[in-house]
Amino acid sequence: MDATEIGLWGVPLAMLGGAIRVSTPFIFVSLGEAITERSGRINLGLEGTLVFGAMTAYAVAVITGSPWLGLLAAAAAGLCFGLFHGWICRFRGVNDIAIGIALMLFGSGLAFFFGKPFIQPPAPDLPAIPFGGWSDVPQVQAALNINVLFLIGAALAVFLWWAFRNTRAGLILRVVGDSSDAARAMGLNPNTVRLIATGIGGALAGIGGAYLSLYYPGSWTEGISSGQGLMAVALVIFARWNPLGCFAAALLFGGAGALGPALQSVGVTQGYYLFYAAPYILTLVIMIATSSPSRSLAGAPGELSITK
């Protein structure tokens, strides 16, 4: 590939690599939220969980020298946040949206408080697999240097898509999400199912946070999330609570987020920064497109707060 061809393919290759890198936290947070919302509960506290998971992963990785222990710690922290959210929402009269907003602020504040000592020290990164090793072109190598969490997220999306339709656990989740009365008639406890689903969703959000601090961008700062937890909620609605749709939508969001850096990488120096707003504009467009008082959301669980 000569210099002309490299320049021609520079932006697409940079966007491909950027989409894979940027989409990974979206994948985990959106899949976790899909599980939670399938049970009939919405968790707007995922932004706080994501930030706290990022801080926890980085701090544990710095202390232990192991990014995998940091990842496990982030998942455990997210699980605790999710279970706490689910436990509070069991009480009559409690609004899960309000609780989610409160926990978003609480998780972010807690992360900023405990994370200050870990802003400077370097932490080991999560590993990546060089699928572009066959090429001598640096752009191809960079685009195909894929973190293992992206591959795990892709496999998880396929598994959840299958499990929602073909397993007893998936059936229970959908029944509870569609009708609490039907669930009770089957001998199920909706509060328990939603507690477990919210906990799993929180754990996956914590993993998404670990990716941010231990791989891309690969550091701990107080502004590391940039609202990705909230954008993931819009992504789940856009994907119509389908795990495969969440994966595809995460790549779309990731590609939008990679547009600005891709233009910068090929020498566009004027106006490229405007494209950094692309994910937020896309989120706004999606929320407008999916919000209509004249029609219901196709595929929305009947017990979900946004459908009542």
Side-chain angles (χ1 to χ4, degrees), residues 25-54 56 74-91 93-111 153 156-157 160 164 172-174 176-178 180 190-210 212 225 227-243 245-246 249-250 253 283 286-287 290 297 299-308:
F26 281 119
I27 292 172
F28 281 95
V29 179
S30 65
L31 290 177
E33 181 64 6
I35 294 173
T36 301
E37 293 190 16
R38 279 281 193 167
S39 73
R41 172 170 293 147
I42 187 169
N43 184 1
L44 294 184
L46 291 178
E47 176 73 9
T49 305
L50 187 74
V51 175
F52 191 78
T56 302
L79 176 65
C80 291
F81 267 79
L83 291 176
F84 184 57
H85 182 281
W87 175 74
I88 293 178
C89 291
R90 296 180 62 163
F91 297 103
V94 173
N95 185 288
D96 53 2
I97 293 179
I99 292 298
I101 294 173
L103 288 180
M104 174 182 67
L105 299 174
F106 176 70
S108 299
L110 208 61
L156 181 62
L160 289 176
F164 281 168
I172 290 174
L173 194 69
R174 289 188 288 118
V176 170
D178 286 333
S180 295
N191 285 330
T192 300
V193 174
R194 289 177 185 139
L195 176 67
I196 295 172
T198 309
I200 294 173
L204 291 178
I207 293 175
L212 287 175
S225 173
Q228 293 185 37
L230 288 174
M231 285 191 284
V233 177
L235 187 153
V236 173
I237 299 172
F238 175 63
R240 291 298 185 265
W241 298 272
N242 184 326
C246 288
F253 273 55
T283 302
I286 287 174
M287 293 305 295
T290 56
L297 290 172
E303 292 288 327
L304 200 59
S305 298
I306 61 174
T307 64
K308 295 181 179 181

Chemist: Compare every heavy atom of L31 with every heavy atom of G153, then report the nearest pair and how far apart it is.
Modeler: O-CD1, 3.8 Å
Chemist: Looking at side-chain heavy atoms only, is the closest gap between L83 and L195 below 4.5 Å?
Modeler: yes
Chemist: Which value, rounded to the nearest 0.5 Å, describes the distance between I42 atom CD1 and T36 atom OG1?
Modeler: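 That separation rounds to 10.0 Å.
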Chemist: Is there a side chain to side chain contact (heavy atoms under 4.5 Å, CB included) between L156 and L204? Walk through the geometry before answering.
Modeler: CA-CA 11 Å; L156 181 62; L204 291 178; 3.8 Å; yes
Chemist: Measure across T56 and A74 and return the closest heavy-atom pair with its distance rounded to 0.1 Å.
Modeler: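 Distance-wise, the nearest heavy atoms are CG2-N, 4.1 Å.
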Chemist: To check you understand the geometry: which heavy-atom pair defines the closest contact between P301 and E37, and what is its length?
Modeler: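 Taking every non-hydrogen atom into account, CG-O, 3.1 Å.
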Chemist: With heavy-atom distances below 4.5 Å as the criterion, would you say the side chains of I27 and C246 are in contact?
Modeler: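 I27 does not reach C246 side chain to side chain.
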Chemist: Considering non-hydrogen atoms only, spot the tightest contact between A250 and F26 and give its length.
Modeler: CB-CB, 3.8 Å
Chemist: What is the ring orientation for W87 with F84, classed by angle as parallel under 30°, tilted 30 to 60°, or perpendicular over 60°?
Modeler: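 If you compare the ring of W87 with that of F84, the planes turn out parallel.
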Chemist: Compare all side-chain heavy atoms of Q228 with those of V29 and state whether any distance is below 4.5 angstrom.
Modeler: no
Chemist: Rounded to the nearest 0.5 Å, how far apart are CG of L105 and CG of L110?
Modeler: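 With rounding to 0.5 Å, CG (L105) is 12.0 Å from CG (L110).
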Chemist: Looking only at heavy atoms, which two atoms of N191 and R90 are closest? And how far apart?
Modeler: CB-NE, 3.8 Å
Chemist: Mind checking side-chain contact (heavy atoms from CB on, under 4.5 Å) for V193 and listing every partner two or more places apart, or none if nothing turns up?
Modeler: I172, L173, V176
Chemist: Measure the spacing between OG of S39 and CD of E303 and express it to the nearest 0.5 Å.
Modeler: 10.0 Å
Chemist: To the closest 0.5 Å, what do you measure between CG (L103) and CG (L44)?
Modeler: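 Rounded to the nearest 0.5 Å, the CG-CG separation comes to 10.5 Å.
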Chemist: So which heavy atom on L230 is nearest to which on E47, and how close?
Modeler: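 Result for this residue pair: N-OE1, 3.6 Å.
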Chemist: Sub-3.5 Å donor-acceptor pair from the side chain of R240 to the main-chain atoms of G245, do we have one?
Modeler: no
Chemist: Which pairs would a plain distance check flag for residues 75-82, meaning a side-chain donor or acceptor within less than 3.5 Å of a matching protein atom at least two apart in sequence or in another chain?
Modeler:
none

Chemist: Closer than 3.5 angstrom, by distance alone: can the side chain of R194 be matched with the main-chain N or O of G86 as a donor-acceptor pair?
Modeler: no
Chemist: Taking the side chain as every heavy atom from C-beta outward, state whether M104 and V51 have any atom pair closer than 4.5 Å.
Modeler: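 They are not in contact (no side-chain heavy atoms under 4.5 Å apart), so the answer is no.
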Chemist: Nearest 0.5 Å, please: how far is OG in S30 from CG in L235?
Modeler: 5.0 Å
Chemist: Supply the atom-to-atom distance R41 CZ to T198 OG1, rounded to the nearest 0.5 angstrom.
Modeler: 4.5 Å
